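Since the model is a prediction, treat every value here as computed from it, not as a measurement. The basis for the numbers below is simple: all heavy atoms, side chains too, and nothing from hydrogens, waters or symmetry mates. Chain naming here is simple, since letters A, B, ... match the order of the sequence lines and numbering starts at 1 in each.
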Amino acid sequence: MASKAGDAAILSNLNPAQQEAVTFWGRPLLILAGAGSGKTKTLTTRAAWLISEKGIPPQSILLLTFTNKAAGEMKDRIAKLMDPKDAYPPFAGTFHSFCAKVLRRDGKFIGLSSNFAIYDTSDQQDIVKTIIANLGLDKSLKAPVALSMISQCKNELVSALEYAEFTRGEFQKKIAKVYLEYQRLLKESSALDFDDLLTETVKLFKTEKDVLNKYRNLFQHILVDEWQDTNKAQYQIIKLLTGRDHNLTVVGDAAQSIYKWRGADYRNINYLQVDFPDLKTINLEQNYRSTQTILDAAHGVIKKNRSHPILQLWTNNKKGEKIKLYQARSELDEASFVTEEIVKLTSKNKQSKEYSDIAVLYRTNAQSRVIEEAFLHRGIPYTLVGGVKFYERKEIKDILAYLRLVANPKDSVSNKRAEKLGKTRFANFCQLAEKIMSDEGRVLMDKKELTTLDLLDKVVQTTKYLEFFDQKNEDDLARLENIKELRSVATEFPNLFEFLEQVALVEAAQSPKNSESSNNGKVTLMTAHSAKGLEFEVVFIVGLEEGLLPHSRSLMNQEELEEERRLVYVGITRAKCLLYLSYAQKRLIFGQRGSSMPSRFLGEIPNHLFESSALVGIKKNNYELYDIDF
DNA sequence: CGACTGGAAATTTTT
DNA sequence: TTTCCAGTCG
């Protein structure tokens with residue numbers, strides 16, 4: 001009874017299309033959800049509905065996302081929608097964390113030990129650098145290049161052996177050699193990289209039918225977020241897991257696909273229709289976020305893309321204010337325009353905005369500097385999204401190397417790192433590690449009498465790691481502060497293996513300390529990429545110039561140009577009520593002052609949406625050189 | 001091995 | 001301009 005009433009309440013908050021998406025039953029479902037159309041709400045409500053209305057046990061639902069943040073939000077929202085008697089919400093996690101769980105449990109069937117290490121990008125670089133040196137390959141082959149080729153292969157499920165077999169030409173031959181050696185070393189270290197988590201899961205599911213069936217039976221319903229961001233490996237995992245019942249729900253929007261360069265393939269939306277002929281598609285096109293003016297601008301841009309379907313968003317919101325375009329003389333002028341507008345917007349009057357309502361978006365991180373300087377001058381508080389990640393800091397990686405080595409003595413990258421920190425140090429550490437991993441230590445760990453925090457402190461103590469730091473040095477104090485922060489993460493995960501999983505797969509918030517409280521009352525500066533999934537009252541998109549947005553690297557290629565266009569689309573649709581666009585006629589790039597043309601994307605926004613007709617000339621620009629199709 | 005230096009390069013980022 | 005890296009020197 002309570003469930004019935006709750007259910008009606010749940011559905012009453014939804015528009016007809018959302019309701020249909022929540023309650024659709026019996027066939028695989030593709031929800032094409034436009035920006036700001038209530039995608040998360042729909043997906044979470046569907047999960048809650050499956051539980052309360054269809055009696056699906058929560059543990060039979062698998063909800064996959066791309067970021068831990070999204071997973072966390074989904075979990076929270078489902079929990080709020082659920083009847084308290086249903087106890088715990090379904091598993092919601094990233095593809096990678098799900099795969100890691102599967103492989104820890106059942107990887108033994110394909111020769112993985114359950115304590116495998118997970119190598120991050122810098123671990124990968126370490127290995128590849130030594131490989132290039134050891135194989136005597138010439139140094140023109142850079143580790144990042146080799147790695148990105150290897151990663152591409154893995155995204156496409158091409159193994160090292162297969163690659164070596166079909167490869168042609170000098171360059172590819174070299175990559176093949178590195179790839180083979182790289183896989184050998186990973187195996188020797190009992191380690192997987194991020195891509196391996198996916199590809200090994202595919203391998204496991206393909207070769208071990210019993211294991212696959214176990215998971216098929218376990219997960220009666222699979223829901224996937226951001227389908228346009230899946231790569232081939234992820235697609236395969238879903239296809240394999242979706243058993244006979246085809247109880248699959250995916251949500252996506254091709255127009256927001258901006259990660260092709262790291263393997264995402266929005267065409268997975270189309271492939272779905274081939275693999276599941278009985279697929280039902282529901283469009284969510286009502287937008288709850290932006291003014292009609294902003295939506296019209298976004299649509300004007302995105303409709304130029306030819307290679308994917310485009311949703312026509314509409315809203316009941318007001319038409320809203322016109323879009324403000326500023327032609328700056330230079331990047332400095334642009335920065336002061338943004339600054340002055342923010343001062344005006346936030347000055348005390350009835351309509352004034354909070355700093356936290358405002359975001360400034362740009363194409364490249366380097367663009368933030370000028371803006372930051374202008375903000376500092378004017379005393380505008382801001383937070384910069386991006387920068388050195390917490391777990392990438394040297395002091396953190398050092399300590400983690402010791403701890404990883406305790407958990408997996410074969411881990412060669414951690415071993416090398418630990419050795420580098422000093423011979424005596426390492427010798428002392430090894431003694432300690434032996435004691436910990438003795439039967440006695442194991443028992444203590446199992447009994448939870450030897451926690452991650454205990455281990456961390458013991459390691460720091462025996463290695464005298466803190467001797468590296470000077471209490472009077474400001475930078476060193478910050479590093480000590482980071483170590484304290486790591487200790488507090490350790491408190492949350494008393495089991496060493498769970499702790500290591502956490503730090504490998506979950507990026508800590510920028511600076512864990514001040515993420516919550518002090519993010520308030522600040523303007524957000526970030527790339528358009530990072531803005532995906534977020535929304536702000538006021539959005540500035542700066543640097544709308546040919547060569548910057550679209551970026552010069554994408555001008556030669558139609559596919560990439562369309563991705564740049566999607567990036568602009570994503571940027572524009574972040575704005576709820578006010579949108580500012582700007583470009584600089586002259587800009588300092590790599591210390592050189594160059595002049596640039598306004599971005600073609602500005603010309604694609606209908607002229608009447610702009611505040612004044614500042615646009616004369618933009619439409620006239622000649623892009624035929626690059627834009628053969630348009 | 002670590003600090004210095006000269007030259008080349010210079011998106012986007014999560015797991 | 002800044003940043004990163006390879007090569008060199010102490």
List, one per line, each side-chain donor-acceptor pair under 3.5 Å for residues 194-202 of chain A, sequence neighbours excluded.
residue, atom, partner, partner atom, Å
A/D195, OD2, A/S151, OG, 2.8
A/D196, OD1, A/K154, NZ, 2.8
A/D196, OD2, A/K154, NZ, 3.3
A/D196, OD2, A/D193, N, 3.1
A/T199, OG1, A/D195, O, 3.4
A/T199, OG1, A/D196, O, 3.4
A/T201, OG1, A/L197, O, 2.6

Once ring pair (Phe, Tyr, Trp, His ring centres under 6.0 Å) is applied, do any residues pair with A/F493, and if so which ones, sequence neighbours excluded?
none
side-chain hydrogen bond (donor to acceptor under 3.5 Å, both in side chains) partners of A/S122, counting only residues at least two apart:
A/D120, A/K397
Sequence-aligned protein contact record of nucleotides 2-10 of chain C, with B where the base is within under 4.0 Å of a protein heavy atom and S where only the sugar-phosphate is
S----S---
Listed once per pair and sorted, the side-chain hydrogen bond (donor to acceptor under 3.5 Å, both in side chains) pairs that draw on residues 90-99 of chain A, sequence neighbours left out
A/T94-A/S97
Readout for nucleotides 8-15 of chain B: B = base within 4.0 Å of protein heavy atom, S = sugar-phosphate only, - = neither; 5' to 3' it is --BBBBBB
With A/R104, which residues qualify under salt bridge (Lys or Arg N to Asp or Glu O under 4.0 Å), at least two apart?
A/E501
Who pairs with A/Y382 by side-chain hydrogen bond (donor to acceptor under 3.5 Å, both in side chains), at least two apart in sequence or on another chain?
A/E372
With a 3.5 Å cut-off and no angle check, do the side chains of A/Q228 and A/Y259 form a donor-acceptor pair?
no
Hits for salt bridge (Lys or Arg N to Asp or Glu O under 4.0 Å) against A/K239, two or more places apart or cross-chain, chain-then-number order -> A/D275
Rounding to an integer number of angstrom, what distance separates B/dT12 and C/dC5 when you compare their P atoms?
15 Å
